Protein chains: 2
Amino acid sequence: MRSRPADACADCPVRDQAICAALDQDELNELSRIGDHRDYRRGDTIFAAGDEGIACATLISGAVKLSAMDAEGVERIVALVHPSGFLGQLFAATTALDAVALTDARLCVFPRPQFERLMADHPKLTRAILERTQTELEASRGLTRLIGRRDVKARLSGLLLALARAAAPTPCGQAMEFDLILSREEMASLIGTTIESVSRRLTELERDGLIERRGARGLVIRDALALETGEAVRG
Amino acid sequence: MRSRPADACADCPVRDQAICAALDQDELNELSRIGDHRDYRRGDTIFAAGDEGIACATLISGAVKLSAMDAEGVERIVALVHPSGFLGQLFAATTALDAVALTDARLCVFPRPQFERLMADHPKLTRAILERTQTELEASRGLTRLIGRRDVKARLSGLLLALARAAAPTPCGQAMEFDLILSREEMASLIGTTIESVSRRLTELERDGLIERRGARGLVIRDALALETGEAVRG
DNA sequence: CGGCGCGTTGACTGTAGTCAAATAAAGTGG
DNA sequence: CCACTTTATTTGACTACAGTCAACGCGCCG
């Protein structure tokens, strides 16, 4: 489904964080002209690995996972994309990763040929993409640090904090209560463990008072500091 | 130590892979004018986390690790940089990661203010950096996949293959025999385990005929396929 | 109501981490 | 160049944690 109101950018929630933020009004108008809003439902595949990359997009709302299959046919998630993030391969002919909506999501989609023309004409746009890519690179390295931790409890704690930060309305500070956008299986895939271990560690973190579960997906962060350091509260 | 021969770029070994590859002769001359070769010894710190980022560089030869300290003061490696790779923070004021030479290394160093001016004047340079950053992002995600594997043996096998590929003279194909650029501790840091486990799994891989050790650092890949799939050769 | 898909829990096994010691390699000073 | 010190790597014994297989509970939809 599509929609493209004339004043689309004016009230766009990621207007100031996405690549568009770097552009002046004329450039924004040009970009806006080739962009198309598109809505996806949770579980929808946005791009599939191996597809020709015919489009790229800014994520306006919702969350997306990027994943690949490993040798045994098990899904391995390599990144999460949050609002204002950029999706799509720019230089390679084909997409390397699956992009799947984790929640209902809205994208601002650009056909690649036109987008690349715009990049060629407007260095500022190229620069904006560069900054965005660097941000993603930093995020990816942050994830590398996270999943390099030796015990599952530490990896899971870090993941919960990362998800809490992402769920927070503002870039800083973290939501005390939020819904997990990942299933147990997805969490396990991301931090390199099994569904059962995720479940057990969650139970343990709850028993120790660091978190509280509200149903299967609801989560309350009760002690963010302890989650960071791996220490349970004493007394 | 420095050196800057007039024809520096002509016989540069990474001339066709680094960011310079995208530039025409005039642009290359300009870039070359602000670039300075610098040599580092194994173990030298190139940039330290927290430094003001006053320079960036292309790695000409050797290998570099990017790392950060975790909460317990243990080093966590988040990336390896190989020849033609780019080092240095472009937008942030300070460097987020330590960059340490894993082997003797040679860099082509650019002062940041001049480099950024060049980027502003030459969109092609910005675009080249963008492509390079995307490549690094892909590599980082590849690493994420690698270290997300559940058992140490699989993570270590993947690491050995990655190191073999990096040691190969040409981008494709892998060196059958090469020297490990990482200590046991560094390997453990990278794949999220301990020195002892690395050592034990190496012994096991050698016993099963997948690899052969030549002293502490020398390594021969005997069965690349088995390393990939995790299966030992039968019969 | 019955059959899913998803999550939790239990029992057991195996792998990886810890502590400690032995060995090999590398660096130092004579 | 050698003897000695220091550091890196391997190995051993033990423990703890995580993976596997299996059962159970829950919510959802036909």
Side-chain angles (χ1 to χ4, degrees), chain A residues 41-43 65 70 72 74-77 100 102-103 147-160 163 179-208 211-219 230 232, chain B residues 41-44 65 70 72 74-77 100 102-104 147-160 163 179-208 211-219 230 232:
Chain A
R41 306 293 301 271
R42 173 173 165 185
K65 66 176 173 182
D70 69 8
E72 296 98 52
V74 181
E75 175 184 58
R76 315 256 41 243
I77 300 179
V100 175
L102 288 167
T103 64
I147 66 182
R149 297 185 187 175
R150 279 156 309 282
D151 47 305
V152 169
K153 193 167 145 191
R155 296 205 292 276
L156 183 59
S157 300
L159 176 60
L160 295 181
L163 293 175
D179 279 331
L180 293 168
I181 56 177
L182 298 173
S183 69
R184 298 293 183 267
E185 187 169 18
E186 288 164 335
M187 289 194 254
S189 161
L190 198 44
I191 64 177
T193 183
T194 58
I195 305 179
E196 293 94 327
S197 284
V198 169
S199 183
R200 273 186 244 278
R201 288 322 122 212
L202 283 176
T203 304
E204 186 185 321
L205 289 172
E206 184 167 42
R207 175 174 56 67
D208 293 347
I211 63 168
E212 198 181 315
R213 282 180 290 186
R214 302 258 228 257
R217 292 283 185 125
L219 199 85
Chain B
R41 307 292 301 274
R42 173 172 163 185
D44 286 352
K65 66 176 171 182
D70 68 9
E72 297 98 51
V74 180
E75 175 186 57
R76 315 257 38 243
I77 300 178
V100 174
L102 288 168
T103 64
D104 292 353
I147 66 182
R149 297 183 188 178
R150 280 157 307 283
D151 46 306
V152 170
K153 193 167 147 192
R155 296 205 291 275
L156 182 58
S157 300
L159 177 61
L160 295 180
L163 293 175
D179 280 332
L180 293 168
I181 56 177
L182 298 174
S183 69
R184 298 292 182 267
E185 187 169 18
E186 289 165 334
M187 289 194 256
S189 161
L190 198 43
I191 64 177
T193 183
T194 59
I195 305 179
E196 295 94 326
S197 283
V198 170
S199 183
R200 274 186 243 275
R201 289 320 123 213
L202 282 175
T203 304
E204 186 185 320
L205 289 172
E206 184 167 42
R207 174 173 57 66
D208 293 346
I211 63 169
E212 198 181 314
R213 281 181 290 185
R214 302 259 227 258
R217 292 285 184 124
L219 198 86

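Within every chain, numbering begins at 1; the chains are lettered A, B, ... in the order of the sequence lines, protein sequences first and strands thereafter. These numbers come from a predicted model, not from an experiment.
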Separation of C:dC6 atom P from A:Glu196 atom CD, nearest Å, is 14 Å

Rounded to whole Å, CG of A:Leu156 lies from P of C:dT8 at a distance of 11 Å

(Q) Let's test your reading of the model: under 3.5 Å, does the base of D:dT11 pair with the side chain of B:Arg207 as donor and acceptor? (A) no

Here the distance between atom P of C:dT8 and atom CE of A:Met187, to the nearest Å, is 8 Å

Practice item. Please determine if a side-chain N or O atom of A:Arg201 lies less than 4.0 Å away from the OP1 or OP2 oxygen of D:dA18. Key: yes

Rounded to whole Å, the CZ-C1' distance (B:Arg41 to C:dG27) equals 14 Å

Here the distance between atom P of D:dG19 and atom NZ of A:Lys153, to the nearest Å, is 15 Å

Worksheet item: Taking N and O atoms by type only, does the side chain of A:Arg200 place a donor or acceptor under 3.5 Å from a partner on the base of C:dG10?
Response: yes

Closest to the 5' end of DNA chain C, once B:Val152 and B:Gly215 are matched to their nearest nucleotides, is B:Val152

- Query: Can you tell me if A:Arg184 uses its side chain to pair, donor with acceptor, with the backbone of A:Ala216 under 3.5 Å?
  - Reply: yes

field: Backbone of B:Arg41 reached by a side-chain donor or acceptor of B:Asp104 within 3.5 Å
entry: no

Whether the side chain of B:Arg155 engages the backbone of B:Gly148 through a donor-acceptor N/O pair (distance < 3.5 Å, no angle test) should be reported.
no

### A:Ser197 side chain near D:dA18 phosphate (N/O to OP1/OP2, under 4.0 Å)
no

B:Leu180 CG to D:dA8 P, in whole Å, measures 16 Å

In whole angstroms, the gap separating P of C:dG10 from CD1 of A:Ile195 amounts to 18 Å

Notebook entry, point to check: Are any side-chain N or O atoms of A:Ser189 and backbone N or O atoms of A:Ile77, one a donor and one an acceptor, separated by less than 3.5 Å?
Noted result: yes

Between CG of B:Asp151 and P of C:dT15 the distance, given in whole Å, is 9 Å

B:Ser199 side chain N/O closer than 4.0 Å to the phosphate oxygens (OP1, OP2) of D:dT10?
yes

Winner on side-chain proximity to A:Thr194, out of D:dT20, C:dA16, D:dT11, is D:dT20

Any side-chain N or O of A:Arg184 below 4.0 angstrom from OP1/OP2 of C:dT8? yes

- Task: Have a look at A:Arg155 and say if it touches a base, only the backbone sugar-phosphate, or nothing, with a 4.0 Å heavy-atom cut-off.
- Result: nothing

For this session: Give a yes/no on whether any side-chain N or O of B:Thr203 is located under 4.0 angstrom from OP1 or OP2 of D:dT11.
Result: yes

* To do: Report yes or no: does B:Arg201 contribute a side-chain atom to a donor-acceptor pair with the main-chain N or O of B:Val152 at less than 3.5 Å?
  => no

Look at B:Arg217 and C:dA26 and indicate whether a side-chain polar atom (N or O) is within less than 4.0 Å of OP1 or OP2. no

